Amino acid sequence: MKEYNPKKIEEKWQKKWEKENTFKAVDPPASGSKKPKYYILVEFPYPSGDGLHVGHPRSYVGLDILARKKRKEGFNVLFPMGWDSFGLPTENYAIKTGIHPVVATKENIEVFKDQEKKLGLSFDWDREINTTDPSYYKWTQWIFIQLFKKGLAYKAKMPINWCTSCKIGLANEEVVNDVCERCGSKVVEKEKEQWMLKITEYADRLLKDLDKVDYPERVKAGQKEWIGRSEGAEIEFKIQDSDNSVLVFTTRSETIFGCTYLVLSPGHPLAKDVNPKTRAINPVNNKKIPVFVADYVLTEYGTGAIMAVPGHDQRDLDFAKEHSLPVIEVVKKDVLVDSGNFTGMKSEKAREEIIEWLSKKGRAKKTINYKLRDWIFSRQRYWGEPIPMVNCKKCGWLPVPEKDLPVELPKIKDYKPGKEGESALAKAKSWIGVDCPKCGFRAKRETDVMPNWAGSNWYFLRYCDPNNKKKLADPKKLEYWMPVDWYNGGMEHTTLHLLYSRFIFKFLWDIGVIPKPIGSEPYKKRTSHGMILGEGGIKMSKSKGNVINPNKIVEEYGADVLRVYEMFMGPFEQTIPWDVKGLKGAQRFLKKVWRLKDRVGNEIGDGRDLEKTVHQTIKKVTEDIESLKFNTAISSLMVLVNEMEKQKEISMNYYSVLLILLNPFAPHTTEELWEELCDDGLCWNSEWPKYNPKLVKEEKVSLIIQVNGKVRDKIETDIGLSEVKTKKIALSSDKMIKYIKGNKIKNIIFVKDRLINFVI
RNA sequence: GCCGAGGUGGUGGAAUGGUAUACACGAGGGACUUAAAAUCCCUUGGAGAUUUCUCCUUGCGGGUUCGAAUCCCGCCCUCGGCACCA
């Protein structure tokens with residue numbers, strides 16, 4: 001082929017890869033194969049009706065590069081893809097158009113899959129999964145039943161966030177500024193029976209085990225923040241002239257002598273009984289203090305009541321000023337003052353001793369509080385996994401027998417939730433009625449479905465054994481593939497999705513579904529890619545009309561150009577604006593590589609310089625891919641190509657190194673060139689080159705000569721020159737003579753092969 | 001308000017204590033062409049001298065150091081996350 005024609009090339013290789021199942025991950029025991037496994041996971045997308053966004057390929061291409069490199073290095077790579085396809089947009093679309101979510105989902109998936117295939121991603125498509133497939137959600141339901149059996153799923157009447165428009169209960173994290181995150185309508189409180197998951201039981205382990213994993217510090221910080229562990233004490237304040245008492249939670253019991261009033265949250269059981277004359281008794285000094293009700297104290301956190309210490313807490317101080325309440329300072333320079341027997345004690349010691357003293361009197365106990373709350377797991381919607389539970393008037397809540405799983409979504413015509421907010425499933429009368437699994441009398445199915453998270457909590461396990469009909473996954477396969485070696489996804493999922501899936505994994509590990517040797521953490525390493533913004537740095541959105549469709553780019557420039565551009569545009573973790581012009585640079589680069597083939601000759605023709613650059617490039621690209629520094633990896637490849645352009649003839653040897661290094665980034669172009677020029681094998685599975693450390697080093701260096709830290713001259717020297725010799729050469733130069741003339745050299749700083757600095 | 005990330009040419013960025021601005025885009029000039037595209041060559045941080053050269057420059061102000069984009073202190077701004085967490 002004379003001209004670079006990406007369209008033809010890409011179609012050709014994509015067909016071949018599909019036909020030959022090139023990127024299939026081999027399950028154990030692979031006969032004779034001793035390749036170590038490597039499991040690379042990218043967050044699976046929600047197949048929306050909008051199709052792929054240029055943000056998707058950023059993650060997929062980045063990790064595809066890693067996957068392709070690992071294969072070359074001899075790993076048995078698992079790099080799968082699937083669809084997280086339950087969700088509201090599809091349901092809302094169904095309500096609007098009457099098109100069944102199953103149909104819409106199928107269409108959307110076809111579009112997504114086609115778009116992804118056109119990017120040349122090396123997924124093992126044999127392992128494709130879909131959370132809305134009954135053979136998949138059978139196991140999502142099965143996990144729920146196991147949680148129920150262990151007492152970790154329970155029903156509770158909860159004051160929930162109720163969206164007045166969506167007619168759906170929202171979890172706390174789905175409410176933004178008192179409005180529904182999805183539709184922007186007003187959210188009110190409503191009492192509702194909800195299925196809850198006891199994630200709080202795992203709070204400590206979710207926190208502690210962060211030490212075992214390789215996540216970015218900012219991600220760990222997010223997890224810690226969300227769990228919000230704080231050590232403190234519950235202290236009892238008796239209400240005067242009453243049998244009631246108020247428990248408060250505090251992390252700073254050493255400040256109790258400065259407590260001048262109590263505050264209850266509006267939801268506190270005693271809040272109704274509080275009046276301006278109510279007094280509580282401070283257990284350390286028997287002072288009678290007023291009691292208030294205020295909404296700056298949260299019902300759900302701690303005991304729903306606080307001891308207010310305006311001398312040492314800003315919010316208490318604000319409140320005290322507003323109500324002209326006394327402010328007492330009881331800690332000065334970390335030492336207690338005006339605090340009875342504890343005066344003069346260091347605050348850290350006093351904190352412990354005060355609790356101990358009050359504990360002996362039965363008025364306090366040490367406790368640990370978490371911000372983390374149990375997880376509301378019910379949604380009154382249609383397009384989700386039915387919660388596989390049955391309610392019998394006689395026997396109560398019972399799980400559907402496992403042999404009857406999956407509980408499939410019934411076919412209905414109207415997907416709208418009921419007016420009271422009940423799930424649309426409540427309309428499927430014949431589906432609801434079921435025999436009680438225990439007593440056999442007529443009972444009713446649960447009509448709530450699970451939230452979006454349910455399917456994505458454990459999907460990475462199913463990839464290990466996607467077609468297993470008897471088990472969630474074969475333990476042998478899990479033991480081989482798990483844990484995930486490298487997980488990449490969006491920053492927006494680093495708190496909740498990560499926490500929830502870690503919780504479910506730990507639970508499955510506890511009950512023996514996950515083989516013990518794997519350990520109780522699902523992801524060894526987590527990274528996050530940055531968002532791609534529209535041109536000019538504004539978010540891409542339909543309303544702004546600045547959404548870029550990756551397939552248009554593929555049409556015009558080719559997938560390899562898009563891949564190289566997205567990886568070159570800037571640091572992988574960083575948010576970055578899209579720039580059409582940048583595509584041109586990527587295109588020029590690949591064209592240059594293409595044209596270089598005409599200069600490939602035999603073994604002669606390479607200068608020593610090219611040899612050095614080749615080895616330096618191998619080193620740089622090898623290291624940069626491992627740290628996701630794709631932008632600098634590509635720039636070093638550009639340097640190599642620029643250097644090759646200067647040569648009259650390039651050896652096959654060096655050109656093939658270039659092709660292998662570039663292959664993960666531009667798999668189609670390099671494969672085509674490889675086929676044309678190389679006699680043996682394919683580029684994708686050619687061994688990753690190794691560099692010679694001796695050849696990476698420069699033999700000559702440009703040594704900097706400074707005077708008082710300012711660069712005044714440079715000299716070309718051999719490496720390893722001693723201080724004495726360097727000094728001699730440096731001082732003999734005309735420039736230096738000029739600069740130093742008439743001054744006394746006070747000090748000389750010498751850094752070998754880098755610089756010499758004269759301080760005068 | 002708190003937590004996290006960041007601020008470097010006209011633009012995206014490189015450099016994590018040692019030549020600031022690699023690589024790329026854009027722009028200007030030139031070659032090829034009837035012309036355009038494509039391709040190639042040169043110039044390109046700013047200011048002043050223009051043959052040698054000098055001074056300034058990494059958000060702002062200090063500090064440490066022979067030497068700071070990089071480390072420390074204070075401030076300003078942008079982006080992301082969380083919302084009274086006792």
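Letters go in sequence order (proteins before strands), and every chain restarts at 1. Every value quoted in this text rests on a predicted model; they were computed, and no experiment measured them. Values below: every heavy atom of this structure, side chains too, minus hydrogens, waters and symmetry copies.
- Put simply, CZ on A/Phe589 is 17 Å from C1' on B/rU39, counting in whole angstrom units.
- Exactly one of A/Phe589, A/Phe665, A/Phe630, A/Trp578 qualifies for a ring-ring contact (aromatic ring centres under 6.0 Å, His included) with A/Tyr565. That residue is A/Trp578.
- Distance A/Asn5 CG to B/rA38 C1': 15 Å, rounded to the nearest Å.
- Nucleic acid contact for A/Ile576: sugar-phosphate only, since backbone atoms but no base atoms lie under 4.0 Å from a heavy atom of the residue.
- For the pair A/Arg315 and A/Tyr296, the cation-pi criterion (under 6.0 Å, within 45° of the ring axis) is not fulfilled.
- Note on A/Val248: nothing from the nucleic acid sits closer than 4.0 angstrom, heavy atoms only.
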For nucleotides 14-24 of chain B, just jot down a letter per nucleotide in 5' to 3' order: B, S or -, based on protein non-hydrogen atoms under 4.0 Å. S---BBS-BBS
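- Regarding contacts with the backbone of B/rA86, every side-chain N or O of A/Tyr296 stays at 4.0 angstrom or more from both OP1 and OP2.
- In this structure, the separation between CG on A/Leu262 and CD1 on A/Ile235 is 10.5 Å, given to the nearest 0.5 Å.
- Looking at A/Glu236 and A/Arg363, a side-chain N of the basic residue comes within less than 4.0 Å of a carboxylate O on the acidic one, giving a salt bridge.
- A gap of 31 Å separates the P atoms of B/rC71 and B/rU54, to the nearest Å.
- RNA chain B is contacted by both A/Pro577 and A/Glu645; A/Pro577 maps to the nucleotide lying nearer its 5′ end (nearest heavy atom per residue).
- Annotated as anti: B/rG74, whose O4'-C1'-N torsion sits more than 90° from 0.
- Base-pairing analysis of RNA chain B finds the following stems of at least three consecutive Watson-Crick or G-U pairs, with both pairing distances under 3.5 Å: B:1-7 with B:76-82, B:10-12 with B:23-25, B:26-31 with B:39-44, B:45-48 with B:53-56, B:59-63 with B:71-75.
- Straight-line distance between the P atoms of B/rC32 and B/rA37: roughly 16 Å, to the nearest whole Å.
- When the C1' atom is used for both B/rG13 and B/rC60, the distance is 23 Å, rounded to whole Å.
- Rounded to an integer number of Å, the gap from NE2 of A/His529 to C1' of B/rG80 is 14 Å.
- Across the P atoms, B/rU16 and B/rG7 are found 13 Å apart, a figure rounded to whole Å.
- Salt bridge A/Lys727/A/Glu723: absent, no basic N to carboxylate O contact under 4.0 Å.
- The same atom, P, is picked in B/rC42 and in B/rC77; the two are 45 Å apart, to the nearest Å.
- Atom C1' of nucleotide B/rG13 and atom CH2 of A/Trp578 are separated by 16 Å, given to the nearest angstrom.
- Ranked by how close their nearest RNA chain B nucleotide is to the 5' end, A/Thr575 and A/Val759 are led by A/Thr575.
- With respect to A/Lys371 and A/Glu225, a salt bridge is recorded, a charged nitrogen being found less than 4.0 Å from a carboxylate O.
- In this structure the side chain of A/Ile756 never reaches within 4.5 angstrom of the side chain of A/Gln706, judged on heavy atoms.
- Across the protein-nucleic acid pair, A/Gln587 atom CD and B/rC25 atom P stand 11 Å apart, rounded to whole Å.
- Both tests do not hold together for A/Lys592 against A/Trp594: distance to the six-membered ring centre under 6.0 Å, angle to the ring axis within 45°.
- A/His268 has its NE2 atom 16 Å from the C1' atom of B/rC85, to the nearest Å.
- The same atom, P, is picked in B/rG46 and in B/rU58; the two are 15 Å apart, to the nearest Å.
- Put simply, CD on A/Glu573 is 16 Å from C1' on B/rG12, counting in whole angstrom units.
- Using a 4.0 Å cut-off between a side-chain N of Lys or Arg and a carboxylate O of Asp or Glu, A/Arg526 and A/Asp214 do not qualify as a salt bridge.
- One finds no salt bridge joining A/Lys366 and A/Glu234 here, because no Lys/Arg side-chain nitrogen approaches an Asp/Glu carboxylate oxygen to under 4.0 Å.
- At most 12 non-hydrogen atoms from other residues, nucleotides or ligands lie less than 6.0 angstrom from CZ of A/Arg754.
- Residue A/Lys371 is classed as a base contact, given a heavy-atom separation below 4.0 Å to a base.
- Remark: A/Lys8 does not engage A/Glu672 in a salt bridge, criterion side-chain N to carboxylate O under 4.0 Å.
- Under 3.5 Å, the side chains of A/Tyr261 and A/Asp316 contain no donor-acceptor pair of N or O atoms.
- For the C1' atom pair drawn from B/rA69 and B/rA14, the interatomic distance equals 11 Å after rounding to whole Å.
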Which protein N or O atoms sit under 3.5 Å from an N or O of nucleotides 52-54 of chain B?
residue : atom : partner  : partner atom : Å
B/rU54  : OP1  : A/Tyr739 : OH           : 2.6

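- At whole-Å resolution of the value, CG in A/Asp313 and C1' in B/rC85 are 11 Å apart.
- Taking atom C1' on both B/rA68 and B/rA15, the two are 13 Å apart, rounded to the nearest angstrom.
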